[in-house]
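Fair warning: this is a prediction, and the values are worked out from it, not measured in the lab.
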Amino acid sequence: VPLLGTLALGRVALREVYQIGVNARIGDELERGLSLYRDYIGLLRQAAGDSASAIGEDWAVREALVARDSQHLAARLHGLLRQYPGVAGVHVQDASGNTLAEVREPKREDGQRLLPIQRLITLPTGSVELSVTVTAPERPFTAFQVAGELTADYRRLQRGTGQLSTLYL
């Protein structure tokens, strides 16, 4: 009888330790953190797209493109780079692939994740392709990857705990 009592108490204590150690709330918090990173990265991408669209819709850029004034276009793009600190460069080419203008700020690329965004600009004289290279801090992307790995590991641990407790408890 004492042996059965000890086994029963041991089983209850072990089950309680597993319930505390592998808590579903912790997994939920990990999932919530992962979701926050996902939302943040989505907002970074949206802001990058908005910057590219704003540069492509700039009236002075469009005016210089229609006039085929490469000097005015490059000057305006340099001005826009000053306005958009998250933009590292802009490249404009015509339908034949000829470069009409290209401006870059290489220092902005250091330690950043680069996201090139293309926009097709339709003009009365034809269309041109605008490629805007937007920068974003590398750290959120790395943290998102780590959070995803931790969440997956924790979910595997939860599944394994359920199997372990069913088998031994």
**OP:** Before giving the answer on side chain to side chain contact (heavy atoms under 4.5 Å, CB included), spell out for V128 and L100 the whole-Å C-alpha distance, their side-chain angles and the decisive distance to 0.1 Å.
**Re:** CA-CA 9 Å; V128 297; L100 303 176; 3.7 Å; yes
Subject >> Residue pair L80, V90: steps toward the side chain to side chain contact (heavy atoms under 4.5 Å, CB included) verdict >> reply: CA-CA 9 Å; L80 289 170; V90 180; over 6 Å; no
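Note on E109 versus R104: salt bridge recorded, some NZ/NE/NH1/NH2 to OD/OE distance being below 4.0 Å. Here D28 pairs with R155 in a salt bridge; the nearest charged N to carboxylate O distance falls below 4.0 Å.
In this structure, CG on D94 lies 10.0 Å from CG on L65, to the nearest 0.5 angstrom. Going from atom CD of E57 over to atom CD1 of I121 covers 7.0 Å, rounded to the nearest 0.5 Å.
Hydrophobic clustering keeps Y154 apart from F144 (ILVMFWY residues linked when any side-chain heavy atoms are closer than 4.5 Å, directly or through intermediates). Follow the hydrophobic side-chain contacts under 4.5 Å out from L115 and you never reach I41; the two are in separate clusters. Put simply, V92 and L114 are part of two different groups of oily side chains (I, L, V, M, F, W, Y) that touch within less than 4.5 Å, one to the next. Follow the hydrophobic side-chain contacts under 4.5 Å out from V66 and you reach L77 in the same cluster. By the criterion of side-chain heavy atoms lying less than 4.5 angstrom apart, applied directly or through intervening Ile, Leu, Val, Met, Phe, Trp or Tyr residues, V146 is not grouped with L34; the two fall into different hydrophobic clusters.
Between the side chain of R62 and the backbone N or O of T122, at least one donor-acceptor pair lies under 3.5 Å. The main-chain N or O of V87 is found under 3.5 Å from a side-chain atom of R108 such that the two form a donor-acceptor pair. Checking side-chain atoms of S51 against main-chain N and O of A47 turns up a donor-acceptor pair under 3.5 Å.
The heavy-atom pair separating A74 from V103 by the smallest distance is O-CG1, 3.8 Å. For the pair G49 and I117, the tightest heavy-atom approach, listed with the atom from each and the gap, is N-CD1, 3.5 Å. Contact record, L30 with L150: CD1-O, 4.3 Å, taken as the closest heavy-atom pair. Residues P85 and T135 share a closest heavy-atom pair of O-OG1, 4.4 Å. Minimum interatomic distance between P137 and P140 (heavy atoms only, all atoms of both residues): O-CD, 3.2 Å. Taking every heavy atom of both residues into account, I55 and V132 meet most closely at CD1-CG1, 4.1 Å.
The 12-atom threshold is exceeded at CZ of R38, counting heavy atoms of other residues, nucleotides or ligands nearer than 6.0 Å.
For the pairing with S131, the side-chain hydrogen bond (donor to acceptor under 3.5 Å, both in side chains) check across Q118, Q93, E102, R119 returns one residue only, Q118.
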